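Model, not experiment: these values are computed from the prediction. The basis for the numbers below is simple: all heavy atoms, side chains too, and nothing from hydrogens, waters or symmetry mates.
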Amino acid sequence: MTLFEKISDELSEKIKNGNYSAGEELPNEADLQKIYDVSRTTVRKAVDNLVDENMVIRKKGVGLFVAPSISNQNILEMTGVMKSEAIQIDKQQIKEEYLRQAGEYFEKELQLKSSELVYYISFLQSTEDGITKEILVLPLKNYPDFKLSSLKVLSIIENMNTGIDKVSELKQDLQLVKADHELAKQLEIDLGEPVFKIYNKFLDKNDKPVGLEYRYKAAMHTKYVIDFD
């Protein structure tokens with residue numbers, strides 16, 4: 001066994017044993033070179049091996065991340081409800097990120113006690129098609145090790161599957177609303193312009209909610225495929 005294969009196997013075992021969880025950032029190649037006291041070429045071959053095995057994602061200019069165990073295509077095929085023609089991760093701007101009590105509304109939506117804590121994360125995501133506003137609500141007890149950095153490399157549905165209870169089903173609701181002052185400013189559209197509001201509830205195998213997503217996208221710049229089968 002070559003040196004790069006030994007390094008690759010060791011990192012692979014750490015991922016499988018949970019030392020590094022899905023979506024978590026790994027040491028970069030320069031740090032791995034120091035950790036294992038080997039050449040940059042050896043580290044690059046080890047990482048390439050993990051990338052080829054779909055265990056690690058290399059995001060240029062960002063870093064190395066543990067690959068998710070569920071993909072966009074997996075869950076879209078699972079639901080077959082509403083499919084954006086382009087699901088991609090590009091530039092992100094975090095607007096809000098904090099822990100809060102579930103309260104009356106999220107108590108009902110997530111089947112929690114009102115005093116239980118949830119992550120509330122709001123951010124803007126820029127792609128070639130325009131700007132999307134995303135709001136994620138994640139129960140702390142299901143995502144005790146959630147890292148904001150995972151949003152840099154994993155899609156929303158992939159992030160949802162990094163919790164203790166895994167995603168088995170997705171329920172969606174689509175509304176057409178008018179942009180208020182805040183949405184118009186954030187999405188860089190005119191006040192009152194139509195906006196798709198998409199509500200996604202992610203459920204585990206027992207139909208228990210594991211997370212919520214609210215997505216806002218300018219309707220005039222968005223194409224969706226609706227599958228009624």
Subject >> side chain to side chain contact (heavy atoms under 4.5 Å, CB included) partners of Lys95, counting only residues at least two apart >> reply: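 Result, side chain to side chain contact (heavy atoms under 4.5 Å, CB included) vs Lys95: Gln93, Ser122, Leu124, Gln186.
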
What heavy-atom pair brings [X] and [Y] nearest, and what distance separates the two atoms?
X	Y	value
Ile189	Ala218	CG2-CB, 3.9 Å
Gly211	Pro139	CA-CD, 4.3 Å
Leu183	Lys133	CD2-CD, 3.9 Å
Lys201	Tyr199	CE-OH, 3.0 Å

**OP:** Evaluate the salt bridge (charged side-chain N to carboxylate O under 4.0 Å, His left out) criterion for residues Glu213 and Arg215: first the C-alpha distance (whole Å), next the side-chain angles of each, then the deciding distance (0.1 Å), finally the verdict.
**Re:** CA-CA 6 Å; Glu213 175 198 13; Arg215 182 186 304 165; 3.0 Å; yes

Gap separating the [atom1] atom of [X] from the [atom2] atom of [Y], nearest 0.5 angstrom:
X	Y	atom1	atom2	answer
Leu26	Leu50	CG	CG	8.0 Å
Leu32	Arg44	CG	CZ	11.0 Å
Glu107	Ser115	CD	OG	8.5 Å
Ile57	Leu64	CD1	CG	10.5 Å
Tyr214	Ile156	OH	CD1	14.0 Å
Phe146	Leu140	CZ	CG	11.5 Å

Subject >> Electrostatic pair Asp173:Lys197 at N-O distance under 4.0 angstrom >> reply: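 Salt bridge: no.
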
**OP:** Flag the pair Glu193 and Lys178 as a salt bridge only when some basic side-chain nitrogen lies within less than 4.0 angstrom of an acidic carboxylate oxygen.
**Re:**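 Between Lys178 and Glu193 there is no salt bridge, as every charged N stays at least 4.0 Å from the carboxylate O atoms.
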
Is it the case that more than 12 heavy atoms not belonging to [X] sit under 6.0 Å from its [atom1] atom?
X	atom1	value
Asn17	CG	yes
Lys45	NZ	no
Glu96	CD	yes

Using a 4.5 Å cut-off on heavy atoms from C-beta on, say whether the side chain of [Y] contacts that of [X].
X	Y	result
Leu151	Glu134	no
Ile157	Val167	no
Glu116	Phe106	no

Within the 3.5 Å criterion, strictly below it, is a donor on [X] or [Y] matched to an acceptor on the partner's side chain?
X	Y	value
Ser168	Asp204	no
Gln33	Asp31	no
Gln92	Gln125	yes

Spell out, as yes or no, whether a donor-acceptor pair under 3.5 Å connects the side chain of [X] to the backbone of [Y].
X	Y	result
Tyr143	Met160	yes
Asp180	Glu182	yes
Asn142	Asp165	yes

Subject >> Option from Tyr105, Tyr120, Tyr119 for which side-chain contact (heavy atoms from CB on, under 4.5 Å) with Val137 holds >> reply: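 By the side-chain contact (heavy atoms from CB on, under 4.5 Å) criterion, Val137 pairs with just one of Tyr105, Tyr120, Tyr119: Tyr120.
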
**OP:** Take Arg40 and Glu29 through the test salt bridge (charged side-chain N to carboxylate O under 4.0 Å, His left out) and record every step on the way to the result.
**Re:** CA-CA 7 Å; Arg40 188 66 176 270; Glu29 291 184 2; 3.4 Å; yes

Using distance only, find each side-chain donor-acceptor pair of residues 6-15 under 3.5 Å and give its atom names and separation, not counting sequence neighbours.
{"residue": "Ser8", "atom": "OG", "partner": "Asn49", "partner atom": "ND2", "Å": "2.9"}
{"residue": "Glu10", "atom": "OE2", "partner": "Tyr36", "partner atom": "OH", "Å": "3.2"}

